[in-house]
Structures are given as structure tokens and as C-alpha cells.
Visitor: 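Okay, handing you the structure first.
Here the structure is a predicted model, which is why all the values come from computation and not from measurement.
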Number of protein chains: 2
Amino acid sequence: MARTQGSHSDITGPRIRAAARALFARHGYAAVSMRQIAGEVGVQAGALYNYTSDKQSLLAELMREHMDDLLAARAEVKSGQLAPLDALEGFVRFHIGFHIERPDEVFIAYMELRALEPANFAEIEALRRQYEDELEGILRRGAEAGVFEIEDAKITTLAVIAMLTGVNTWYRKGGRLSLEEVEAIYWGMVRRAVGA
Amino acid sequence: MARTQGSHSDITGPRIRAAARALFARHGYAAVSMRQIAGEVGVQAGALYNYTSDKQSLLAELMREHMDDLLAARAEVKSGQLAPLDALEGFVRFHIGFHIERPDEVFIAYMELRALEPANFAEIEALRRQYEDELEGILRRGAEAGVFEIEDAKITTLAVIAMLTGVNTWYRKGGRLSLEEVEAIYWGMVRRAVGA
DNA sequence: GTTTGATTTGAACGGGTGTTCAGTTAAGTC
DNA sequence: GACTTAACTGAACACCCGTTCAAATCAAAC
């Protein structure tokens, strides 16, 4: 056989990315083979190369797509027009809500950075920096306005993001707490941590 | 040739563990081959099997050693005799100090859990739970005594640990801040986060 | 100085790796 | 219905994987 019945790039392409995403998240980039991904899709390994130039690009594209989604979703929030405290609350709730919906993407974005070749790493890292800069801006504005009490804006930014992203290590849908409750708990901790 | 001059298990054994630790931390367990580890030590791959039964055990032993060190070091602190606020400050400073000195071990312990076979995973996870339980105990004691204001002890525990461990993602020796300054900044954030 | 035991080599094992590509078949077009 | 193009197979490529083991050599003990 060669081309299979019902085959179409609009179907196979997304299925390949979905399989790669799930497998990379569960086992790690290096531990997943192209044949495993292909097997999950129900296709031979060679067929993957109609959709990606190589394994590295497959990973890099998944990461770039995730970071683009993140920045695009965040860009819809006009936090500059809000008071620092409201802007910070918005950021905390946005971060938790967005990340909780995409556990696989988040896991890959944080765990597989070292698997990226230098050029891809620089690109993804720049996008991440861009996201962090938004939180840092909010913190600086609040500190200048005297509503936040922080020792170091840069470190507070990293500490808050580390704390928030940690949600993904334990949160499971249908668990003890609803998304709203989780957001409220973390917002309480962040608000107090910045002295507001 | 066979046995090489000056070879001795007291020397080769630690060198193998050190090489594995460094390589696993930098590239990840799955991406590192036994031949790479052997090459770093200056030995053939077969020689590694005088020191470990297989690759998986090499990883598991590194992790267990790290967790044992962590728990042993922590056991020297008698936090139960301290007031909750002092106990919490001690925990925060201990965690940062201990983790900052062992970036490779910490990286492996957090990133390679998924590379562990079920039995090894359960063992390491139990040790980690043990460590987290200590912080949770401090938080519960403080909450009952009315000196902490927290919504959920379990989640606060995980949030604080995620925040503290995040130090390892950016801290570099000889950087802008001293260990003492870093500890002070994080202690400030944690103290406020728990409402004290 | 000989013997014993510890340590390493080097080759081999079976199998898996990412990637390429000629050949084949289905889908879409006129 | 003939033709083009899109999609996929299956085999092959060169190489790397973890692990084993007889043979060789060094260190230590007597």
C-alpha cells in the first residue's frame, strides 16, 4: 500500500502534533522516538516528514505555538489601564487559568528547554522573557505607587511565576478544589507576598 | 590492555557518579548514554557495570543519595522546639541554602522523576513527601496558633516550595546578590505570603 | 616473588535511532 | 475516464543504544 484511504494533511498534521505533544509531555523529548509518534497516529515514521523537517523542529514548533498562544491571550488584557493591584490580580488569575488548561504544553515548555538547539532556545526564551516582563512591569508600577512592598522586582517576578506555575504539579481536574478556589487561594498568597 | 594503572574502585566509583550527575543535569537522563558517562571518566562503557547494575539504578541512586542528604541535614534542625514563625524562617533559609549548593542534584530530582521506574519513583516520592510534610507541619502549627493566615495548608506548602526551589532557575554564584540577600528576600515574601 | 583478587578492555550482542526515497495508491481536477 | 497531485508505505542507510563477558593486566597479600 501507499496512500491510505481517507488520508488528508488537514487531519494527519494536527494528529501528529497532538501525539507528539502528549508523548513529549509524558516521557520527555529525548525518550520519545519518531516511530512512537507515528505509531500513535497510525502511520509509518517516514510519513511524519511530510509535516516536519525533523524531530527538533517538531518540538520547537510545539513550544513556539504554545508561547504565541500565551502572549496572544495575554495581549487581550489591557492591564496598563488598571490599578496595579487589579492588574496583578488579573495576571495571577490569567496565569493559573491559562496554564491549568494546557498541562502538557506547560510541562514541555518548562522541561524541554534544554532539548532545544541554540537558535530555537533563544527564540523561545525571548518569548518567555516577554511574558515575564509584563508581570515585572506591574510590580514596578505598584512599588512606585507605594501599593506594593517588594525588595526586588526581578526576583519577585520569578518567585511569583514559579509559585503560580507550580499549580500544574498537583492540580487535577475534578479534584478537591475548583479553578475558582485555586485562583482565590493563590491570589491571596501573592497579594500578601507583595505586601498588598 | 585490561586493568589500567592506578585504577581503584574508591576513585572510579565517585568519578562515575559525578560524571553521571553532571551529564544527567545538563542533558537529561534519556539523552545521556552510558558511553558518554564512561568517556567523561576516561573509561570504557563496560567498566561502569562494576559500579552499577544498570543505567536506571545509577539515576535512582543519585536521587536517593540526594534525598537522604536533604532529610539528614534537615533532621539536625529541631524545628519542633521553635515558635512557628522562627521555624518557618529556619525552613526557608535552610531550603534555599541547601538547594543553592547542589544545583545539579536539585535539577535531576525535579526533572527526572518521570524517568524512574515505578518502584524507584515510589521510593523517591515518599522521601520528598516526608520533606514537604515538615513544612506543612510548621504551617499548620502556626495557623492553629493564629500567627499565620493561610487558606489551605497543603497548597500553601506546595506553593512555598515551588517558589523557593525556583531560586535554582536563576541563581548563579558570584552574581548580583549574595546568598544572605537571597535568603532575606525570599523570607520576606514567604513571611508576608502566610500573613505573618 | 608468587599467587590471588580487583579492575578494565575490547569486542560482540540484538535491537533501536533519525532520516531518506523510490514506488504505490488514493484524492482531486478537468 | 484520463491525468495530476497529495499522502503514505516499506525498505534501506549509517549509526548509536544498554548490556555482557572472556581475556588481559594491575594492585595487594603473603
Visitor: Determine, stepwise, if the pair A:Leu58 / A:Ile37 fulfils side-chain contact (heavy atoms from CB on, under 4.5 Å).
Guide: CA-CA 11 Å; A:Leu58 188 50; A:Ile37 299 170; 4.0 Å; yes
Visitor: Using the test ring-ring contact (aromatic ring centres under 6.0 Å, His included), find all partners of A:His99 that sit at least two apart in sequence or belong to another chain.
Guide: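 With neighbours one apart ignored, the set is A:His95.
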Visitor: Rounded to the Å, how far apart are B:Gln44 CD and C:dT9 P?
Guide: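 Distance, rounded to whole Å: 5 Å.
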Visitor: Would B:Arg93 and B:Glu89 pass as an ion pair if we require N to O under 4.0 Å?
Guide: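 Salt bridge: yes.
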Visitor: Does A:Arg114 pair with B:Glu112 as a salt bridge, N-O distance under 4.0 Å?
Guide: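 So A:Arg114 pairs with B:Glu112 through a salt bridge.
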Visitor: What is the distance, rounded to the nearest whole Å, between atom CG of A:Leu48 and atom P of D:dG10?
Guide: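 Value for this atom pair: 15 Å.
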Visitor: In residues 50-60 of chain B, which ones come under 4.0 Å of DNA chain C, going by heavy atoms?
Guide: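 B:Asn50, B:Tyr51 - these, ordered by number, are the residues of the stretch whose heavy atoms sit under 4.0 Å from the strand.
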Visitor: How would you label the contact of A:Val32 with the nucleic acid (heavy atoms, under 4.0 Å): base, sugar-phosphate, or nothing?
Guide: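 The residue A:Val32 makes sugar-phosphate contact but no base contact.
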Visitor: What about B:Arg35, does its side chain sit under 3.5 Å from the base of D:dG18 through a donor-acceptor pair?
Guide: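 For B:Arg35, whose side chain was compared with the base of D:dG18, there is a donor-acceptor pair (under 3.5 Å).
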Visitor: Checking ring pair (Phe, Tyr, Trp, His ring centres under 6.0 Å) between B:Phe24 and each of B:Tyr110, B:Tyr29, B:Phe107, which is the one that passes?
Guide: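 Exactly one candidate clears the test, B:Tyr29.
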Visitor: Quick check on D:dA6: is either OP1 or OP2 less than 4.0 Å from any side-chain nitrogen or oxygen of A:Ser9?
Guide: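 The answer is no; no side-chain N or O of A:Ser9 sits under 4.0 Å from OP1 or OP2.
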Visitor: In this structure, how many angstroms lie between the P atom of C:dT19 and the CD1 atom of A:Ile37, rounded?
Guide: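 So the two atoms are 10 Å apart, to the nearest Å.
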Visitor: In whole angstrom, what separates A:Tyr49's OH from C:dA22's C1'?
Guide: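 Taking OH of A:Tyr49 and C1' of C:dA22, I get 18 Å after rounding.
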Visitor: Identify whether the distance between the nearest side-chain nitrogen and carboxylate oxygen of A:Lys173 and A:Glu101 falls below 4.0 Å.
Guide: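 Counted as a salt bridge, because a side-chain N and a carboxylate O are separated by less than 4.0 Å.
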Visitor: Under 3.5 Å, sequence neighbours excluded: what are the donor-acceptor pairs made by side chains of residues 184-196 of chain B?
Guide:
| unit_1 | atom_1 | unit_2 | atom_2 | d |
| --- | --- | --- | --- | --- |
| B:Tyr186 | OH | B:Trp170 | NE1 | 3.1 |
| B:Arg191 | NH1 | B:Ala196 | O | 3.2 |
| B:Arg192 | NE | A:Ala193 | O | 2.8 |
| B:Arg192 | NH2 | A:Glu149 | O | 3.3 |
| B:Arg192 | NH2 | A:Glu151 | OE1 | 3.4 |
| B:Arg192 | NH2 | A:Ala193 | O | 3.0 |

Visitor: Taking only N/O atoms, report every protein-nucleotides 27-30 of chain C pair under 3.5 Å with atom names and distance.
Guide:
| unit_1 | atom_1 | unit_2 | atom_2 | d |
| --- | --- | --- | --- | --- |
| C:dA27 | OP1 | A:Gly6 | N | 3.1 |

Visitor: Pick the closest DNA chain C nucleotide for A:Ala47 and for A:Met34 by heavy atoms, then say which residue is nearer the 5' end.
Guide: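 Closest to the 5' end, via its nearest nucleotide, is A:Met34.
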Visitor: Do A:Leu59 and A:Ile108 have side-chain heavy atoms sitting under 4.5 Å apart?
Guide: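 Yes, at least one pair of side-chain atoms sits under 4.5 Å.
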Visitor: Would one find a side-chain N or O of B:Ser33 under 4.0 angstrom from OP1 or OP2 of D:dC16?
Guide: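 Checking D:dC16 against B:Ser33, no side-chain N or O comes under 4.0 Å of OP1 or OP2.
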Visitor: What I'd like to find out is whether the side chain of B:Asn50 reaches to under 4.5 Å of the side chain of B:Thr12, using heavy atoms alone.
Guide: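 B:Asn50 vs B:Thr12: side chains apart.
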Visitor: Check whether any side-chain heavy atom of A:Phe148 lies under 4.5 Å from a side-chain heavy atom of A:Leu88, and answer yes or no.
Guide: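 A:Phe148 vs A:Leu88: side chains touch.
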Visitor: Not counting sequence neighbours, list each pair that qualifies as a side-chain hydrogen bond (donor to acceptor under 3.5 Å, both in side chains) and has a residue in residues 72-84 of chain B.
Guide: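 Sorted pair list: B:Arg74-B:Glu134, B:Ser79-B:Glu134.
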Visitor: Of all of residues 10-26 of chain A, which get a heavy atom below 4.0 angstrom from DNA chain D, listed by number?
Guide: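 The answer is A:Thr12.
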